[in-house]
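Structure record follows, encoded as structure tokens.
Reminder, nothing fancy here: chain letters follow the sequence lines and each chain counts from 1. Just so we're clear, the structure is a prediction, and the values are computed from it rather than from any experiment.
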Amino acid sequence: MSELPSIYDPKAVELPVFESWLEGRYFEAGTAEGVRPYSVVIPPPNVTGSLHMGHALNNTIQDVIVRRQRMLGRPTRWVVGTDHAGIATQNKVEQKLAAENKTRHDIGREAFIEACWEWRREHGSTIISQLKAMGCSCDYSDEWFTMGPSYQKAVRKVFVDWFESGLIYRGNRIINWCPRCATALSDIEVEHADLPGHLWHIRYPLKKPVGGIDHLVVATTRPETMLGDTCVAVHPDDERYKDIVGATVALPLLGREIPVVADEYVDPSFGTGAVKVTPAHDPNDFEIGERHGCEKINIMNADATITEAGGAYMGLERYEARTRVIADLDAAGLLVKVDEHSHAVGHCYRCHTVIEPWLSDQWFVDMKPLAAPAIEAVRDGRVAFHPKRWENVYFHWMENIHDWCISRQLWWGHRIPVYYCDACGSTVASVDGIEVCSDCGSAVRQDEDVLDTWFSSQLWPFAVFGWPERDERLDYFYPTAVLSTARDILFLWVARMVMSGMRFIGGQVPFDDVIIHPTVFNAEGKRMSKSLGTGVDPLDLMEDYGADGMRFGLMLQVTGNQDIRFSEEKLLSSRNFANKIWNASRFVLMNLEGHEPGEAVPTTVVDHWIFSRLAKLADRVGKGLDAYEFGEAARDLYDFFWSEFCDWYIELSKARLASDDPVERLAVQRNLVFVLDRALRLLHPMMPFVTEEIWRKLPRTCADAPPSLMVAAWPEASMLASFLDEEAERSVSRLIEVITGIRAVRARYKLSPRQELHIEIKTGSEAESGWVRGEFGTLAALAGISGFGVATDTAKPPHSATVIAAGMEIYVPLEGLVDFEVEEKRLAKERDKLAASLSQLEKKLSNEGFLAKAAPAIVAKDRAKASEIAGSLALLEGQLAELA
RNA sequence: GGGCGAUUAACUCAGCGGGAGAGUGCCACCUUCACACGGUGGAAGCCACUGGUUCAAAUCCAGUAUCGCCCACCA
């Protein structure tokens, strides 16, 4: 055993252990009679992606859950795969083409799509191999892709179903247009940022003065859109403009004549109360234009340059056009004033280009009918969010849901399965595709657009079980148990999965629980982002701290309500923790004399204590993980293993391991192995590698002896409940108090740990004296005591330091070493502290309200505490009196 | 304009009705035969502020301040 290195080396362990898991096929779920399966689908990372901190956190969370469920004996399946990521992938491939001075149009649609597949073959496995490096126990034997053959079929089936039931329709509307990506986006793919801008006040002359008014002043943040103005609107009740409603305005620069209309939408208190209306370039203006039958003039091309409708401005880029329009207005004396004005500007969530509201023909989904049952499912608890407050966010969005623009003017993606017959004008949607019109037999053409990537993502929880084809798998594994994700895709993805899942899989929700995990920020509180250079690469972290160190360090930082300000120190202490586990195990293994299995039986009070602590730990960790409280569970594990098992139990075992009695030695060895074994099981979901490596070297402690810790039984609290022992816990905590007190004396006088001490103890009763005598071995080992006297009437030896602990007076004779001034100061300080807390308690105990209304157990506890403090205080006073 | 979260030791954060906790950092001692990625001991906090509820408030409620997120078509 001693060949184990004294420092845990993750690099030497992780790969072989992972390969052994793959070889053992533990990641693949079996089926078991009468046991409910447990399934989780991974939020599919983009094929273009590489692992970032959000992935590291989210996938650790899922792996912890999944590994524990597997240990609980359920057929457990964690489905893995990637998302084809329409825009992101298309951008990558276009960049590659750009390097060869080509555009996608140069090579054509078919070749471009082939280039995307090629790109995926080359780069698509990156993120999967990174998940493996983390130790994620996904089923890699069945990897999914949102553009795979059966997945394509699922997408088309969903489209056709919605199309035929009227939920999908085509409309000419204002959508969000990204001029760089040259595609429409849905509302939630637009990110708004408040940016400083200007409010330009522009004079619009009336064609003929009315009632002495010869012009209007309109205010706008986007002056270039005036090229497309087709009316000016004022509020119907606005006295200022009452007379000019119906008048005609000569649009500056272009000279086009447009009417003044009255519309309720206008807020008379904002700006001048007169609004220029550009129906083709603003959603509100569109509505106003519709109400008043105004023309919709499109002044922008797909690349945001001005169209011929912009007259002299034709061909200018949009901001250049803005500059020119302003300059020309100013020159014409029509620019009244310019105010500073900050306002929300929409940006493309993929490339951050400023979005242009643009009028175009697109496909939409009518969401309200889909949202209703999905709202109900959360309302009645079939789907539960953790933390719960996210449910309100979900409700708010779902109850105000807008129609979803699903068409994208891209090439990479699921092509819209709609076929047009130009001959007879029929439009049909088809799952399998058609070539000729069923009505007239002419050749048909397919819609050119593809679907929003999120349209396919929403099918993930059932498409990955083979829907619409392989129904047995779906029946077995759907619905999934839990979905863990970041909050920024709550609407983009989570809500839509609930809606589509319920629609297509017999009203069943896709998952019972949704975990919205914290967002990882950097130390400065900035969002971790590669483009901002504020990110940390999880691969670097694993290099420095090992996969287990990174995982556990992340788990320590997970809390229910707070985002994570990423702390690398937590990873450092986690790496050290892995090393602690390694060395504690090494110690246990070194001290075994043979590997014969045997039942662990607690015999000494210290045994009972650690077994009781273990039982409580299993209870807390189990409950914590059930409630998705990862930070709590991690801290409990850390404290138990380090502070209780290592610092006390192992230390207290050393003397017994050196015993002459082989029976005694064997008993301790078995107990050490037992506690270590159970602790490793509890730690395994969070730290899979180090625990597995060690566990395989341990003698088996129970009849079922699987070859891997991954599939060993999870220690359930009920299995350990018989070990609970409050008496032992009380006894050992007193012992710890005594030992700590003596050690403090040693530290105070800077005594060498080697210097053995003889102490005298004055107890309060014979029973207490007996207890102390019984624990002499322990004291000797951990406080460096070579001998002691104990009695109820012990006199304080001269030149000794005093410790009051566990209600006893402990004298440590230190010939010539005691600094009485130091002693007095210390004792006085301790007395003051005790006196303060005693008076606080006494005040409380003399309060009749407290005695009458507080729970009896609390009153009893406080009484006991008060008398204990009073006892210690009396002892301290006595000591101080002697010193004085 | 709505909504949500946070404010606890130098730093990062737990605790969320009954005696202020952890990790890191800091100080002192220790190269003791599992571990210096270690051990032992220690210093360090009017739990943001102001009110309220309660026998009892870091913990519940209201308000204030500061910071941070969402959502929203006000030109």
Quick one: which of B/A34, B/C13, B/U40 gets closest to the side chain of A/Asp647? B/U40
When you measure from the side chain of A/Arg389, which nucleotide among B/G5, B/U12, B/A14 comes out closest? B/G5
Please state whether the rings of [X] and [Y] are parallel, tilted or perpendicular, taking 30° and 60° as the class boundaries.
X: A/Tyr649; Y: A/Phe645; answer: parallel
X: A/Tyr8; Y: A/Trp582; answer: tilted
X: A/Trp642; Y: A/Phe577; answer: parallel

Say you pick atom P in B/A28 and the same atom in B/C61; how far apart are they, in whole Å? 45 Å
Would you measure the distance from the C1' atom in B/G15 across to the matching atom in B/A43 and give it in whole Å? 23 Å
Do A/Val277 and A/Ile258 come close enough that some side-chain heavy atom pair is under 4.5 Å? no
Applying the Watson-Crick and G-U wobble criteria at under 3.5 Å, what pairs with [N]? Answer none if nothing qualifies.
N: B/A62; result: B/U50
N: B/A28; result: B/U40
N: B/G5; result: B/C67
N: B/A22; result: B/U12

Using a heavy-atom cut-off of 4.0 Å across all strands, would you classify [X] as base, sugar-phosphate, or nothing?
X: A/Ile869; result: base
X: A/Ala852; result: nothing
X: A/Arg575; result: base

Relative to the 5' end of RNA chain B, which residue comes earlier, A/Lys833 or A/Arg565, by the nucleotide with the nearest heavy atom? A/Arg565
Does the side chain of A/Lys750 get closer than 4.0 angstrom to OP1 or OP2 of B/G42 through an N or O atom? no
